[in-house]
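Structure first, commentary second.
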Amino acid sequence: MPELPEVETIRRGITPWVLEHPVAKVVVRQPQLRWMVSTDLAEHLVGRRFIAVHRRAKYLLLQNEAGWLLIHLGMSGSLRIVPSDLQPDRHDHVDIVFENGRCLRLNDPRRFGAVLWIGERPAEHVLLAHLGPEPLSAEFTGAMLYAGSRGRKLAVKNFIMDQRIVVGIGNIYASEALYRAGIHPALAAGRISRRRYDLLAEAVRQVLTEAIAAGGTTLRDFTNEQGRPGYFAQQLLVYGREGHPCVHCGRPITCETIGQRSSYFCGRCQR
DNA sequence: CTTTACGCCTGACGGC
DNA sequence: TGCCGTCAGGCGTAAA
């Protein structure tokens, strides 16, 4: 489910709630997520306070004096701040309970998410070591996309969804950014010009920034830490709009499967 | 090395 | 009403 704007929305939302108060206990109701939830969570968390909540790619990283806790939301994960005595729902798999009676609760119906204690050197962890640059950092440029794509034949949409190239872009924002840049999603990545990659990098930055400002995209079930939706769905120009007129030229938006994922685009405005 | 297909899971929805 | 197929915002792995 969540891409960078949704994870960033959750990061900002939970930060004031999870700092300051020590962890009282950890409750794991369902340890079998993407990987088994670390069995030593309580040992590292209980009695300690988190000192920062970071985001790297689509991972949340909660830091305390002992090290780092990694949380990934997969396709269907969400985090809520709830009173610790609130009856858990189906799929409420992990609680981190604070001494003030608040609780960070992970719900994840499909269980593609992860909760892992990764110790003291997060950058060296296998899940984080090979990630590309953050799209909202100065490192992310059209020049970098251009250089990294030479000789590559995969579709540009799949190229920008590869987290080793640039992080945080999933199926929604890939379609949206390519539309804004006027680039057909199925074009071979290696055949796109430097100039067009400059446009694409700028489009990625813009769409992600606007989506964060709107609190993310809620299509079916994304909610923030208070259980509230994000409003960027109203600003999506192509994703989920098959058959609706392109806002630029009026031609119906096309949906085609590219790399096993639904891809939305305007066949006239994107070449 | 690159690229593609698949599987992990549950739930919602449409067609019959 | 129920059953079945398809699809869903991610991503690691196997195979070609």
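The chains referred to below are lettered A, B, ... by the order of the sequence lines, with proteins before strands, and numbering in each begins at 1.
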Is there a Watson-Crick or G-U wobble partner for dG9(C) with both distances under 3.5 Å, and which nucleotide is it?
none
If you check every side-chain atom of M75(A), which of dA8(C), dT10(B), dC8(B) has the closest atom?
dA8(C)
Should the heavy atoms of other residues, nucleotides or ligands under 6.0 Å from CZ of R150(A) be counted, would the total exceed 12?
yes
Over all strands shown, is R152(A) touching base, sugar-phosphate only, or nothing at heavy-atom distances under 4.0 angstrom?
sugar-phosphate
Would you say whether F112(A) stacks on dG10(C)? The test is a distance between ring centres of less than 5.5 Å and an angle between planes of less than 30°.
yes
Regarding the side chain of Q260(A), the nearest nucleotide among dC9(B), dT4(B), dG9(C) is dT4(B)
From the candidates dA8(C), dC9(B), dG10(C), the one with an atom nearest any side-chain atom of N171(A) is dG10(C)
Parallel, tilted or perpendicular: rings of W117(A) and H44(A) (30°, 60°)
parallel
Would you classify Y59(A) as touching base, sugar-phosphate or nothing, given that sugar-phosphate means primed atoms plus P, OP1 and OP2, and contacts are heavy atoms under 4.0 Å?
sugar-phosphate
Listed nucleotide nearest any side-chain atom of F222(A), set dG11(B), dA8(C), dG9(C)
dG9(C)
5'-most contact on DNA chain B (nearest-nucleotide basis), G151(A) vs R220(A), goes to G151(A)
Rounded to whole Å, how long is the line connecting atom CG of L219(A) with atom C1' of dG10(C)?
15 Å
Gap separating the CG atom of L219(A) from the CD1 atom of I172(A), nearest 0.5 angstrom:
4.5 Å
Counting neighbours of NE2 on H248(A) that are heavy atoms of other residues, nucleotides or ligands and sit closer than 6.0 Å, is the number greater than 12?
no
I want to verify a distance call: between dG10(C), dC9(B), dA8(C), whose nearest atom is closest to the R111(A) side chain?
dC9(B)
